[in-house]
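To start, the structure itself, in C-alpha cells.
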Amino acid sequence: MKIITHPDHIQSWCLEQRCSGARLALVPTMGFFHEGHLSLMRWARERADLLVVSLFVNPTQFGPREDLKRYPRAPERDAELAGEVGADVLFMPQAEEMFPEGHATWVEVPQLSRGLCAVNRPEHFRGVATVVTKLFTLTMPTLAVFGEKDWQQLAVIRRITRDLHLPVKIHGRPTVRESDGLAMSSRNVHLSDQERAQAATIHRGLRHVADLVASGETDSSFLLSALGEMYAQEMPLGRVEYLAMVDPDQLYPVEEVGDSILLAVAVRFSNARLIDNILISAKK
Ligand code: PAF
C-alpha cells in the first residue's frame with residue numbers, strides 16, 4: 001500500500017489511474033480504525049479496481065470547544081489495518097496542505113445543516129461538506145462509501161453530489177455494532193467503564209421504540225418521551241442532546257410514523273458525544 005501525504009500527489013496519482021480506465025473507490029475517514037471503518041473498506045474494495053482510504057482529522061468540522069485535540073489517533077496502526085484490508089493508497093494529508101493560508105471557499109447545504117447535530121455543532125457540516133468535496137476533487141472516485149451512523153452527514157453529502165453534479169456514486173452502509181448494540185465509534189474509547197455499560201442503552205432504546213411502532217404506536221411525541229424516560233432511568237451518566245423523529249431524506253421533524261422515519265439521537269457522556277439512529281417503518 002502506498003502512503004501519500006500531499007494533495008497534489010494524490011490528485012496526479014488518481015488522475016493517472018482514472019485515465020488508464022481504473023474504477024476508484026474512496027473511503028474517507030478520520031482514522032482510529034475500528035470494525036466499522038474496516039467493513040466500509042472491504043465493501044468498497046470489492047466494487048472497484050483500486051481503493052483509496054483517506055485519513056484526515058479535519059479541523060474545520062470541530063467547533064472551538066470540541067474534541068479536536070483529544071480525537072483519538074493511531075496512524076501507524078491505521079496504516080497497517082488499511083493495508084491488510086486491501087487499500088491501495090492511504091492518503092494522509094496535513095491540515096496546512098488541505099486548508100492552506102488564505103483558504104476561503106466553503107461548501108454549505110443550509111437546509112440539511114440546521115437541526116439534529118447542527119443545533120449544537122453549527123459549523124460542523126460546513127466543515128464536513130467542504131473537506132469531502134475536496135477529497136472528491138482530489139481523488140476523483142467512481143464511488144465513495146460512508147457509514148449510516150452519521151446519517152445527517154450522509155444526507156448532506158448526497159445533496160452536494162446531486163447539486164454539484166459530482167460524478168461519484170455515494171453508498172451508505174449500515175452501522176457496525178458491538179455485541180451489546182453500541183454503535184462502533186472512535187470516540188467510544190473515551191467512555192469510562194460505567195459509561196460504556198450504560199451506553200448500550202442508546203441502541204436498546206432505539207429498538208424499544210421500533211417495537212412500540214410495530215405494536216401500533218405511531219405518535220412521535222409519545223414515542224420520543226417514552227425513549228427519553230428510558231434513557232433517564234437506564235443511562236443516568238448520559239445527557240441526551242437530542243431525540244428526534246425526522247424524514248430520512250429531508251430531515252424535517254415528523255409527527256406520525258409513516259412509511260419510513262429516522263429516529264436519531266445524540267448523547268453526551270463526560271468525554272464523548274455519541275450519536276446513533278434507526279430507520280423505522282409503521283407499514284406492516
Ligand atoms: O465521518 C467522518 O469520519 C468524517 O466526518 C469524514 C466524512 C471523514 C469527513 O471528515
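Order of appearance sets the numbers: ligands from 1, and atoms from 1 within every ligand. What's counted below: heavy atoms across the whole structure, side chains too, no hydrogens, waters or symmetry copies.
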What residue and atom, counting heavy atoms only, is the protein's closest point to [atom], and at what distance?
atom: atom 3 (O) of ligand 1; result: Met30 CG, 3.5 Å
atom: atom 5 (O) of ligand 1; result: Gln153 OE1, 2.7 Å
atom: atom 9 (C) of ligand 1; result: Gln61 OE1, 3.3 Å

Which of the atoms of ligand 1 are close to [X], meaning less than 4.0 Å from one of its heavy atoms?
X: Thr29; answer: 8 (C)
X: Val131; answer: 9 (C), 10 (O)
X: Pro28; answer: 8 (C)

Does the side-chain contact (heavy atoms from CB on, under 4.5 Å) test come out yes or no for His37 and Val53, once each step is laid out?
CA-CA 10 Å; His37 297 108; Val53 173; over 6 Å; no
Would you please name every residue forming a salt bridge (charged side-chain N to carboxylate O under 4.0 Å, His left out) with Arg207, sequence neighbours left out?
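Once residues adjacent in sequence are excluded, Arg207 has no partner under the salt bridge (charged side-chain N to carboxylate O under 4.0 Å, His left out) criterion.
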Could you verify whether a donor N or O on one side chain and an acceptor N or O on the other, from Gln61 and Asn58, lie under 3.5 Å apart?
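Short answer, yes.
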In this structure, would Leu212 and Met230 fall into the same cluster of hydrophobic residues linked by side-chain contacts under 4.5 Å?
no
Looking at Arg45 and Asp88, is any side-chain nitrogen of the basic one under 4.0 Å from a carboxylate oxygen of the acidic one?
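Looking at Asp88 and Arg45, the cut-off is met.
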